[in-house]
Structures are given as structure tokens and as C-alpha cells.
Amino acid sequence: MIWGMIPKVLSKSEFHLLQEACLKVVSFCNAKSIKEGICVHSPIIKLGLRHDLLLNNNLLSVYGKCYGIEQARNVFDEMPHKDVVSWTCILSTYVRNKNPEEALEIFNSMLDSGLCPNEFTLSSVFRSCSALGEVDVGRSLHGYVIKGGFGSNPVLGSALIDLYSKCDHSMEAYKIFACMDNRDTITWTTMISSFVQAEKWNEALKLYVQMLEHGVSPNEFTFVKILAAATCTGLNNCKLVHAHLLVWGVKLNLVLKTALVDMYSKCQRIEDALKASKQTTESDVTLWTIIISVFAQNSQFNEALAALQEMESIGLLPNNFTYSAMLNACSLTSKLEFGKQIHSRVIKAGLDDDVSVGNALIDLYWKYSDNIEDALRVFREIASPNVISWTSLIAGLAEHGYEQMSFEAFAAMQYMGIQPNLFTFCSVLGACGTSKSLSQLTQIHACIIKTKADNDIAVSNALLDTYTGLGEVEDAWSVVRVMGHTDAITYTSLATRMNQMGQHEMALNIIFRMCSDDVKMDAYSLACFLSASASLALMETGKQLHSYSLKSGLGSWISVSNGLVNLYGKCGCVQDVHKAFKEIKEPDVVSWNGMIYGLASNGYVSSALSAFDDMRLAGVEPDAVSFLLVLYACSHGGLVDLGYEHFQSMSTLHDLVPAIDHYVCLIDLLGRAGRLEEAMEVIRTMPFSPDALIYKTLLSGCRLHGNIPLGEDMARKGLELDPSDPAFYVLLANLYDDFGRPDLGVKTRQLMRERSLSKIPGQSWMEIRNKLHLFTAGDRSHPQMKDIQERIKSLIIELRSRAYSYQGDESTFFHSEKLALAFGLLNTPHKAPIRIIKNLRMCRDCHSFIMNVSQLVDREIIVRDGNRFHVFKRDGCSCRGYW
């Protein structure tokens with residue numbers, strides 16, 4: 001072009017005019033990033049202007065801006081002379097094209113050439129350090145900046161703030177900011193961005209206020225960052241920042257509008273988000289994706305689909321994030337088939353290897369597909385699975401019962417160099433728990449220590465929960481002892497697991513550990529401790545926890561309220577059950593179940609059944625537990641036909657499928673009533689095979705009604721399923737004893753001994769002055785045992801002398817409940833109720849003894865045995881012979 005107009009011989013003035021023209025063209029193109037500026041490259045060479053630094057630096061800049069690294073580098077390498085501008089230009093080209101490693105190498109070459117960097121060079125170098133996380137290199141250059149007198153330069157100040165912020169050194173960034181004299185809008189915005197990146201939302205908002213107080217005007221980039229900070233500090237701040245945006249009159253460009261829509265969407269203000277999106281006509285795929293995400297997060301699938309269709313109608317094509325948002329909408333609304341259609345579109349768009357789309361598909365298929373291969377196939381297609389991909393894979397495998405595959409995936413993840421996060425560890429620890437694999441757990445524990453993941457309290461809590469779930473309590477405490485910090489979740493997890501193991505006293509001892517660690521109970525831990533107190537029927541401890549719930553304000557939590565209903569029900573305090581229940585504003589099914597249990601177990605069968613009816617009238621749908629309690633109430637009240645009706649209504653009226661536990665209750669109901677043939681028919685027609693408990697339950701009914709042949713059949717079938725259960729031998733021997741075949745009873749017990757089986761020892765306990773006193777049948781270790789034995793003997797003598805019905809069986813004189821009763825009489829105030837808890841069903845002799853003693857000493861005696869409550873008063877026992 002230009003070269004074609006150049007005459008063969010040029011005068012000096014013509015040469016300078018042509019040189020000046022080349023400079024003007026290339027400078028203009030450089031300023032406007034116009035790629036045609038390289039047209040002067042040929043004249044520069046042919047006119048011999050390669051030594052003109054200004055001209056060549058502008059040409060180098062055009063190549064860098066418009067043609068990328070390779071061509072710019074060729075120009076740079078061919079330049080005979082280079083100054084600091086040349087080096088800065090090629091260095092910024094590498095930074096702009098996301099090649100920070102080469103940029104730093106070029107900077108080192110520049111220093112080797114003897115040239116000193118200027119503020120623009122250093123700014124590009126700091127950007128490279130930020131991208132690479134090279135905070136140490138940045139610090140060394142920071143020293144150079146100070147020594148070189150650039151400390152007050154706002155460009156370098158902003159670059160340094162950005163460097164330290166991106167390397168998680170926000171306080172150092174703030175120190176630089178605080179020392180700067182002439183802070184402009186860019187500097188303030190960069191520092192605000194630093195706080196936002198460090199998730200210091202309040203500090204970012206405070207800095208914005210200071211910015212205004214210093215008379216510095218915010219721009220659109222400032223508001224983008226402030227809107228992000230406001231999102232995380234509440235709706236009021238969001239509205240205030242939006243108002244500031246309007247007051248300052250900042251033009252609502254697409255980036256700012258997108259930030260505004262995103263803010264309202266995260267505050268669940270869908271209408272405001274949509275209103276903001278329509279304030280200007282300008283839109284792009286990012287804005288539409290946020291709108292689709294808003295609908296997806298609120299399970300509004302149809303609206304999300306409509307937004308996608310509208311987006312496509314204006315010519316915008318969905319990207320990977322758009323498809324991810326639509327797939328999330330499918331996951332949240334159970335739309336598997338539509339998700340498969342989206343998957344098909346993803347494949348056609350060539351995005352099936354994208355990690356965000358892949359993660360959304362994996363989540364969808366794990367939730368709703370019956371074929372695990374769907375999720376596995378998607379995972380294999382992802383080009384570079386990230387920690388979310390691996391974690392989803394591990395969690396999905398574990399949840400679907402493929403624990404061994406989840407362990408293999410965890411190992412493969414580490415082999416690929418992906419560092420597990422909190423959710424990964426929690427998922428694989430869950431797999432250890434469900435598979436009961438202690439060996440895998442110890443390996444993962446070692447990995448947690450090696451990666452220092454145990455510094456995260458959530459990981460440590462998950463770890464100790466898994467140990468206690470496997471019964472390794474000491475290992476769990478070892479984890480607690482090395483934790484730098486514990487919280488309520490730590491101790492709630494321990495207490496919950498100990499309750500599940502039946503270690504209720506150990507669970508209550510955790511309260512003292514929480515106090516020593518200055519960890520306050522929350523509603524969940526308090527509910528656990530109430531459960532432990534209820535299981536042990538520790539009335540005094542329970543009342544203290546009740547008092548704490550009132551003082552702390554935790555009593556309003558439904559879990560705590562339900563815990564109190566359960567506590568008083570299991571302590572036999574029916575009036576307190578009513579009171580605790582009435583204080584619940586909106587009782588749920590657990591509340592009603594607690595009420596029904598408290599009434600039924602204490603002998604108030606008709607009241608329990610009335611409560612069941614009240615629950616349904618209140619609009620609360622009964623669950624499977626509700627029907628277990630109703631069947632229990634009918635069984636202990638002798639209401640066979642009513643119980644059978646409730647059993648039938650599970651499937652006919654409430655769409656509940658009776659489980660094996662319900663069949664156990666039904667057989668118990670029929671067995672107690674002597675309808676043994678009907679019970680056998682239930683067993684024959686059950687939709688699943690009977691287990692040992694089914695046979696044991698009917699054997700108990702045979703014992704009550706003396707059906708030896710059927711009892712023998714039940715014992716034989718039960719022992720085939722569980723030959724190590726001594727209860728079958730004990731029940732059968734008692735059946736023989738009670739109905740005229742003591743010889744067979746002796747043989748049965750002999751057979752039991754030959755098979756090295758022993759009866760579970762009877763244990764009873766009671767709480768006096770916050771101390772638990774345990775008694776075992778035949779045990780003589782209690783310090784007051786001599787007085788206890790004397791008291792039992794004196795009671796028996798007095799009962800016989802006063803012609804009470806109790807005559808006594810010497811073999812039962814020192815059963816655990818008798819020992820506990822004598823201890824209670826010796827150590828509790830006169831006329832105070834005596835509360836005893838027993839692990840097994842109370843024998844008839846002890847029942848008769850305690851009923852007579854209650855009348856003799858005129859004391860209320862409450863015994864909770866393995867079946868129910870027995871409230872003994874002068875007029876008899878609350879069980880009325882049903883236990």
C-alpha cells in the first residue's frame with residue numbers, strides 16, 4: 001500500500017515526512033487496537049527504520065494486542081535495539097494471553113540486559129505473580145518498588161493490593177492501601193475487591209463508606225464488588241447499595257446489571273431479580289444463565305424452561321453453565337426424562353466433556369436413575385474431573401451400596417493429584433460407616449492426618465462419628481483429644497452414637513466434658529441428653545436438663561420439646577407428659593408419638609388411643625411408629641379386634657406398608673389374647689420370611705396359655721435362625737415349669753448350659769441424688785448389701801405374718817428389682833415414690849412381691865421393665881395383669 005507510493009529516490013525531507021506518517025498510522029492503530037496497523041511493518045523494513053525505537057515499539061504493541069504472542073515475539077526478537085518500553089510491551093503481551101510463567105522469564109531476561117523496569121513493567125510482573133500465586137517473588141519486587149521511589153504510584157499500589165489479595169494476604173494488601181497517599185477510584189475498588197475475595201463482606205462495605213467520605217466517586221466496577229458484598233450481609237444492605245447505585249447515576253451496563261440480578265437472585269427475591277434484568281434491553285448468555293438458575297434454585301422448572309426458550313429465540317446459544325443450571329432444575333424437580341433430553345443437547349453441542357455440565361449430570365443420575373452406569377458413563381466423559389466430580393462419584397457409589405467402589409474411587413482421585421475436600425472426606429467416611437470397615441477407616445484417618453485435613457473441625461467431627469458408629473469409642477475420644485477446637489456438633493455426635501449403643505450413662509457424662517471445654521449445649525445436644533436420661537429413666541437429671549432448656553431458651557425447639565415428652569413418658573410421669581405436650585405450639589408426628597407412648601406404657605390405654613385419634617383430627621398423618629405404638633397399646637389393653645383393625649388400616653387408609661415390626665406387634669396382640677392359631681396364620685401369610693423375633697413372640701404367647709406343642713415348634717424354628725439366643729431356652733423351660741413338665745424344664749436348661757449359653761442377667765437401677773445405683777441378680781457387691789438383704793427378709797416375714805397373698809419363692813429373693821426396692825426403702829424419704837428401671841421383663845414373683853410391699857408400706861412404686869411401666873399403689877398395679 002504505502003510502499004507502492006514511495007518513489008525510488010527520496011529527499012531528506014520526504015523521508016522524514018514518510019517516517020512521520022508511518023508513526024502516526026501505527027500510533028493511531030496502537031491506541032485503537034486496530035490490526036491494520038501492521039501495514040507499516042514493510043515500509044519500516046524497506047526504509048531502514050528498524051532502529052527507530054518509538055516506531056518499532058508501537059508496531060510491537062499492535063502485534064501484541066491484535067495478533068498474539070508468537071508474531072509479537074518475532075517482531076521483538078528482530079528489533080536491533082530494545083528499551084524498557086519494548087520489554088514492557090512484550091511482557092504485557094504474555095500476561096494478557098495468560099502465560100505468566102513466560103512473562104516472568106522475560107522479566108528476568110530484561111534485568112540481565114541491564115535495563116531497569118518502570119511502573120508499567122512492574123505492574124505486569126505483579127499481575128504474573130498474582131496469576132501464579134508467587135507471593136514471595138512479589139514481595140521481593142515490592143522491596144524494589146519502595147527503594148525505587150514508586151511507593152506512591154497508584155498503578156503499582158493497585159497491582160500490589162491485587163497480588164496480596166489473590167494470595168490470601170488481605171491484611172498485607174490493606175497495609176499497602178493504608179500507606180498510599182493519592183488513592184483513586186481504581187485503588188479503592190481494588191481494595192474493596194480484596195475484601196470481597198477474602199469473604200470479609202462487612203469490611204468491604206465499611207471501606208466503601210470510607211471511600212465516599214474521602215470524596216472518591218465509585219464507578220461501575222466498584223458497584224459490581226459492593227453488590228457482591230451486600231449479597232452476603234442481608235437484604236437490607238442489598239437494597240441500600242442498589243439505592244446508592246441509583247443516586248450516583250452510574251450507567252447500568254451489562255456487567256453491572258448482571259451483578260444486580262445475581263444479588264437479588266441469591267437473596268431469593270425472584271421478582272426483583274427479573275425486574276432488574278428488564279431495566280435495559282442488553283443481555284448475554286451470562287445474564288440469562290443467572291435467570292435460569294434463579295428459577296432452578298426455587299424448583300420452578302417451567303419458568304426455567306421458558307427462560308431458556310426465550311434466550312434461544314433472541315439468538316443466544318446456551319453455554320456449559322446454562323446447561324448446568326437447567327440440569328439442576330431437573331434434579332430439584334425430579335425431571336429425569338427431561339434431564340436426559342438436556343444431556344442429548346449437551347452431546348450435540350460438544351459439551352459432554354465439560355466439568356460443570358458433567359457434575360450436574362452425575363448429580364441427576366445418582367438421584368433418579370436406577371442404573372448406576374448412567375452416572376459412571378458421564379464421569380468417564382469429563383475431560384478434567386475436579387474435586388466436585390470425584391466427590392459426587394464417591395458419595396453416589398457409597399449411597400447406592402457400592403462402598404468398595406467408593407474406596408477405589410477415593411484412591412484413584414488421589415492418584416490423579418486431586419486433593420480431597422471436606423465433602424469428599426465426609427462421603428468416604430460415610431462409606432466406612434455403612435460398610436463397617438475399620439481397616440478402610442484407619443487408612444482414611446491416616447490420609448486425613450497426612451493432608452492436615454483434621455485441622456478442619458467438620459472433618460474431625462465426621463471422623464469421630466464414624467469411629468463411634470463402629471463401636472470404637474476409645475478411638476473416637478483419641479480424635480477429640482487431638483482436636484484443636486471442639487464444638488457442640490463434636491459432643492452431639494458422640495452422645496448420639498453412645499445412645500445408639502445403649503451407653504446412656506457415658507452419653508450423659510459428656511455434659512461434664514462440654515462444660516470443661518466451655519462448649520454450650522445447643523438444641524441437638526440437649527435433645528440427645530434428654531434421650532439418654534429418658535432411656536435410663538433418670539428423673540432428677542431430666543428435670544435439670546428441662547430447667548436448662550427454659551433458662552437457655554432452647555425449650556422452644558421442637559426436638560427439645562419432643563425430648564421432654566419422651567423423658568416424662570419413660571419416667572412414668574403422665575401429668576408431666578401432658579404438660580410438656582401442651583407447651584408445644586405445633587406438635588409434629590414425633591410429638592404425638594411421644595404422647596401416645598407415654599400414655600400406653602403407663603397403662604392409660606384408652607387415653608393413648610384417644611390421642612391417636614386426636615392426632616389425625618389435628619391433621620398430622622400417623623407414621624409407621626405411630627402404628628407400632630397403637631398396636632402396643634391394644635396388646636397391653638387386651639383390645640385384639642381394635643388392634644387388628646388398626647393394623648389393616650395402615651395399608652387401606654394410610655398408604656403404609658406394614659414392616660416386620662408391625663407383624664411382631666400383631667402376633668404379640670393375638671398371642672396374649674390366646675388366639676394362637678390366628679397368630680400362626682399371620683405368620684404363614686406374611687409377605688416375607690419370619691425372623692427369630694417373630695417365633696420368640698409367639699413362643700411367649702404359648703407360655704402364657706400353656707400350649708406346649710406349639711411352643712416347642714416355635715422354639716425349634718427360632719433356634720434354627722438364631723441358635724445363640726438364650727431367650728428361646730429360657731421361655732421354653734418356663735413354659736414346661738408353669739404347665740406341669742418341670743423335668744423338661746430341667747433338661748432344657750441343661751442343654752442351654754451344654755451349649756455355653758447363659759441367660760442375660762437381670763439388672764435394675766435407680767437414681768438417688770443424681771447418682772445411679774445398679775443392682776444385678778445375685779450380686780453382693782453393693783456397699784449396703786447386708787442392710788438390703790435384711791430389709792428383703794424382714795419384708796417377706798412381715799407380709800407372711802399379716803396374711804398377704806405373697807408367699808415367696810426363695811430362688812427369686814435376690815432378683816435385681818427386689819434389691820433395688822429394698823435399697824429405695826432404705827435411702828428415700830418416707831412416702832416419696834420409688835422409681836426402678838429393669839432391663840428385662842419382671843417375673844411374676846417379683847411383681848406380686850412389689851405389689852404387696854406397696855400396700856404394706858403405703859408407697860407408690862414405679863417399675864419400668866423391658867415391656868412396660870408398672871405403677872404400684874394400694875389398689876394394685878397399672879398393668880392389670882398385662883405385661
Side-chain angles (χ1 to χ4, degrees), residues 471 473 498 500-506 535-537 664 668 671 690-704 708 711-739 741-766 772-782 785 788-789 792 808-823 836-850 863-868 883:
V473 177
M498 287 177 185
Q500 291 169 356
M501 290 187 288
Q503 302 290 338
H504 306 297
E505 193 171 4
M506 288 178 65
S535 297
L536 294 173
V664 170
D668 181 60
D691 62 5
L693 182 57
I694 289 281
Y695 293 125
K696 194 189 307 180
T697 303
L698 188 49
L699 175 55
S700 296
C702 294
R703 183 203 166 187
L704 282 174
I708 292 178
E712 290 173 335
D713 187 40
M714 293 299 99
R716 184 178 63 257
K717 290 179 177 179
L719 287 169
E720 286 174 1
L721 294 174
D722 190 359
S724 62
D725 188 348
F728 285 104
Y729 295 93
V730 174
L731 286 168
L732 186 59
N734 289 339
L735 170 60
Y736 289 139
D737 291 344
D738 292 346
F739 293 94
R741 295 302 306 272
D743 54 325
L744 293 178
V746 171
K747 287 182 180 180
T748 303
R749 291 186 178 89
Q750 178 63 33
L751 182 62
M752 180 178 169
R753 286 191 291 271
E754 288 173 0
R755 294 181 179 177
S756 301
L757 297 175
S758 58
K759 179 184 175 182
I760 298 171
Q763 291 186 319
S764 298
W765 59 91
M766 61 191 309
L772 201 65
H773 297 269
L774 178 67
F775 301 92
T776 303
D779 182 43
R780 303 289 189 272
S781 61
H782 195 279
M785 186 53 66
I788 290 170
Q789 290 175 339
I792 292 172
D809 180 353
E810 288 192 17
S811 65
T812 69
F813 277 9
F814 300 108
H815 275 190
S816 63
E817 56 266 55
K818 285 192 177 81
L819 298 174
L821 173 59
F823 176 79
I836 301 168
I837 306 92
K838 186 178 180 183
N839 63 334
L840 303 176
R841 181 180 180 274
M842 186 163 38
C843 73
R844 291 189 180 278
D845 185 85
C846 289
H847 188 276
S848 176
F849 175 77
I850 296 174
V863 180
R864 193 184 90 191
D865 70 4
N867 274 9
R868 60 169 301 153
W883 90 98

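Worth saying up front: this structure is predicted, and the values here are computed from it rather than measured.
A donor-acceptor pair is defined here as one N or O able to donate and one able to accept, closer than 3.5 Å; no such pair exists between the side chain of Asn867 and the backbone of Arg841. At distances below 3.5 Å, at least one donor-acceptor pair connects side-chain atoms of Thr748 with backbone N or O atoms of Leu744. A donor-acceptor pair under 3.5 Å is formed between the side chain of Arg780 and the backbone N or O of Gly778. At distances below 3.5 Å, not a single donor-acceptor pair connects side-chain atoms of Arg741 with backbone N or O atoms of Leu735.
In terms of heavy atoms, Met842 sits closest to Asp865 at N-OD2, 3.1 Å. Residues Leu732 and Ala715 come closest through the heavy atom pair CD2-CB, 4.0 Å. Looking at every heavy atom in both residues, Ala692 comes nearest to Asp722 through CB-CB, 3.9 Å. Closest non-hydrogen pair, Thr776 versus Pro761, comes out as CG2-CB, 4.1 Å. Taking both residues in full, the closest heavy atoms of Lys838 and Ser816 are given as CE-OG, 3.9 Å, listed atom of the first, atom of the second, then distance. Across every non-hydrogen atom of Pro726 and Leu757, the tightest pair is CB-CB, 4.4 Å.
Using a 4.5 Å heavy-atom cutoff, the side chains of Met752 and Val730 are in contact. Inter-residue side-chain proximity for Ile788 and Phe814 is flagged as unmet; no heavy-atom pair is nearer than 4.5 Å. Looking only at side-chain heavy atoms (C-beta outward), Leu698 and Ile694 stay at 4.5 Å or farther from each other. Two residues are said to be in side-chain contact when any heavy atoms from C-beta on lie closer than 4.5 Å; Leu819 and Met785 meet this criterion. The shortest side-chain heavy-atom distance between Glu817 and Leu821 does not fall under the 4.5 Å cut-off.
To the nearest 0.5 Å, atoms CE (Met714) and CZ (Phe728) are separated by 9.5 Å. Cys843 contributes atom SG, which lies 5.5 Å from atom NZ of Lys818 (distance to the nearest 0.5 angstrom). To the nearest 0.5 Å, the span separating SG on Cys846 from CG on Leu840 amounts to 11.0 Å. Here the straight-line distance linking atom OH of Tyr695 with atom CZ of Arg716 works out to 10.0 Å at 0.5 Å rounding. Remark: Lys717 NZ to Asp691 CG distance equals 13.5 Å, nearest 0.5 Å. The CG atom of Leu774 lies 8.5 Å from the OG atom of Ser764; values are rounded to the nearest 0.5 Å.
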side-chain contact (heavy atoms from CB on, under 4.5 Å), that's the test. Do Val473 and Met501 meet it? Break it down for me. CA-CA 10 Å; Val473 177; Met501 290 187 288; 3.4 Å; yes

Evaluate side-chain contact (heavy atoms from CB on, under 4.5 Å) for Val746 paired with Tyr736, printing each intermediate quantity in order. CA-CA 9 Å; Val746 171; Tyr736 289 139; over 6 Å; no

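Below 30°, between 30° and 60°, or above 60°: for His773 and Phe823 the angle between ring planes is between 30° and 60°, a tilted geometry.
Within the structure, salt bridge (charged side-chain N to carboxylate O under 4.0 Å, His left out) contacts touching residues 746-765 (residues at least two apart or in different chains) are Asp737-Arg749.
Within 6.0 Å of CG on Leu751 lie more than 12 heavy atoms contributed by other residues, nucleotides or ligands.
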